[in-house]
2 protein chains.
Amino acid sequence: MPNTHDVLFRTLADPTRRALFERLCREGEQTVGALTAQSGVSQPAVSKHLGVLRQAGLVRDRHEGRQTHYSAQLGALAPLIDWTSQMAGFWQSRFDDLEDLLKRMDQ
Amino acid sequence: MPNTHDVLFRTLADPTRRALFERLCREGEQTVGALTAQSGVSQPAVSKHLGVLRQAGLVRDRHEGRQTHYSAQLGALAPLIDWTSQMAGFWQSRFDDLEDLLKRMDQ
DNA sequence: CCGATCAATAGCCATAGGGTTATCAATCGC
DNA sequence: GCGATTGATAACCCTATGGCTATTGATCGG
């Protein structure tokens, strides 16, 4: 069972899928048709990508008649932000340790 | 030709590879042997992952005798941080637009 | 109603890539 | 110098997955 970070990174790793997400972030809600038009791949491919994005919690879908509108769910990026700052934190604390060590050696 | 974001996301998408990077962030410089011991995969697999991490700029290698020490290069995460805050920015600005619109409608 | 449009699904193919074992190159200890 | 250790490379296998076409289901317009 893959964890949240796995899902997020894997989902955003594909260029065309990430492009779809970026477009939804930039331009807001879009229909599948509109997204397909500029994606460079077929409509089924877009639908599949949107499915993956939805399962990752990165997009929401809203049905209206026969068309489906998708929109970005920005909150889903939180774990990613947490992860990066955690990594930065580890680095920082090790740096602090080193600094402490050097300071103590200096005395 | 994949761009920086592609490389970063793809590189970090694999769980075992990301685990290696996390470990280097947490515990600092490590030899291939030490990393292999706790990775759950074979030494060649670890070497391959480290190669990918190195090409992505996420780690540095330092040769000392017959062993190679790897360490995390935290600066390489910058594009990832930029990307997330850019996405957040797009969302925010669209929200502001909406807010403006509502405010103007209210008058 | 009936044809047309929209999106999802099914089924298939080709490739990328992560895993393995075997081997090689280089360095170490004795 | 020689066996042992360390890590990188080679060669292979197998699966995951992103792409396609074809089809279906649902809704719209006339």
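Naming: A, B, ... by sequence-line order, numbering from 1 per chain. Remember, predicted model here, so these are calculated numbers, not experimental data.
V41(A) and V32(A) fall within a single hydrophobic cluster, where Ile, Leu, Val, Met, Phe, Trp and Tyr side chains are chained together by heavy-atom contacts under 4.5 Å.
Under the side-chain contact (heavy atoms from CB on, under 4.5 Å) test applied with T84(B), the options L80(A), L74(A), T84(A) reduce to a single match, L80(A). Screening V59(A), L58(A), T31(A), V46(A) for a side-chain contact (heavy atoms from CB on, under 4.5 Å) with Y70(A), the sole residue that qualifies is V59(A).
At the phosphate of dA8(C), OP1 or OP2 sits under 4.0 Å from a side-chain N or O atom of Y70(A). Dashed line: the shortest gap from a side-chain N or O of T36(B) to OP1 or OP2 of dG7(D) is not under 4.0 Å.
The backbone N or O of P44(A) sits nowhere less than 3.5 Å from a side-chain atom of S47(A) that would complete a donor-acceptor pair. A donor-acceptor pair is defined here as one N or O able to donate and one able to accept, closer than 3.5 Å; no such pair exists between the side chain of R60(A) and the backbone of A72(A).
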Problem - Steps toward side chain to side chain contact (heavy atoms under 4.5 Å, CB included) verdict (R17(B), L12(B)) - result: CA-CA 7 Å; R17(B) 188 158 54 222; L12(B) 294 170; over 6 Å; no
Handout entry: Test side chain to side chain contact (heavy atoms under 4.5 Å, CB included) applied to N3(B) and L8(B), step by step
Key = CA-CA 9 Å; N3(B) 64 30; L8(B) 277 184; over 6 Å; no
Problem - Test side chain to side chain contact (heavy atoms under 4.5 Å, CB included) applied to H69(B) and Q30(B), step by step - result: CA-CA 5 Å; H69(B) 299 258; Q30(B) 305 269 332; over 6 Å; no
Exercise for the section: List the steps, then state whether side chain to side chain contact (heavy atoms under 4.5 Å, CB included) holds for H49(B) with D14(B). Expected result: CA-CA 9 Å; H49(B) 282 306; D14(B) 181 74; 3.2 Å; yes
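Within residues 10-19 of chain A, no residue has any heavy atom closer than 4.0 Å to DNA chain C. Near DNA chain C, meaning a heavy atom under 4.0 Å away, the residues from residues 38-57 of chain A are Q43(A), P44(A), S47(A).
Side chains of T68(B) and R62(B) form no contact here, defined as non-hydrogen atoms less than 4.5 Å apart.
One end of the helix from dC1(C)-dG30(D) to dC30(C)-dG1(D) points its axis 30° away from the other end's axis, with each axis taken from 5 pairs and the angle rounded to 10°.
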Interface polar pairs with nucleotides 24-30 of chain C, N/O, under 3.5 angstrom:
from, atom 1, to, atom 2, distance (Å)
dT27(C), O2, R66(B), NH1, 3.4

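Atom P of nucleotide dT6(D) and atom CD of Q30(B) are separated by 15 Å, given to the nearest angstrom. The NE2 atom of H69(B) sits 12 Å away from the P atom of dT6(D) (whole-angstrom rounding). Rounded to whole Å, the distance from CD on Q67(B) to P on dA8(D) is 11 Å.
Looking at heavy-atom distances under 4.0 Å, T31(A) makes contact with sugar-phosphate atoms alone, never a base.
By the side chain to side chain donor-acceptor pair (under 3.5 Å) test, E22(B) pairs with W83(A), sequence neighbours left out. Partners of R10(A) under the side chain to side chain donor-acceptor pair (under 3.5 Å) rule, at least two apart in sequence or in another chain, do not exist in this structure.
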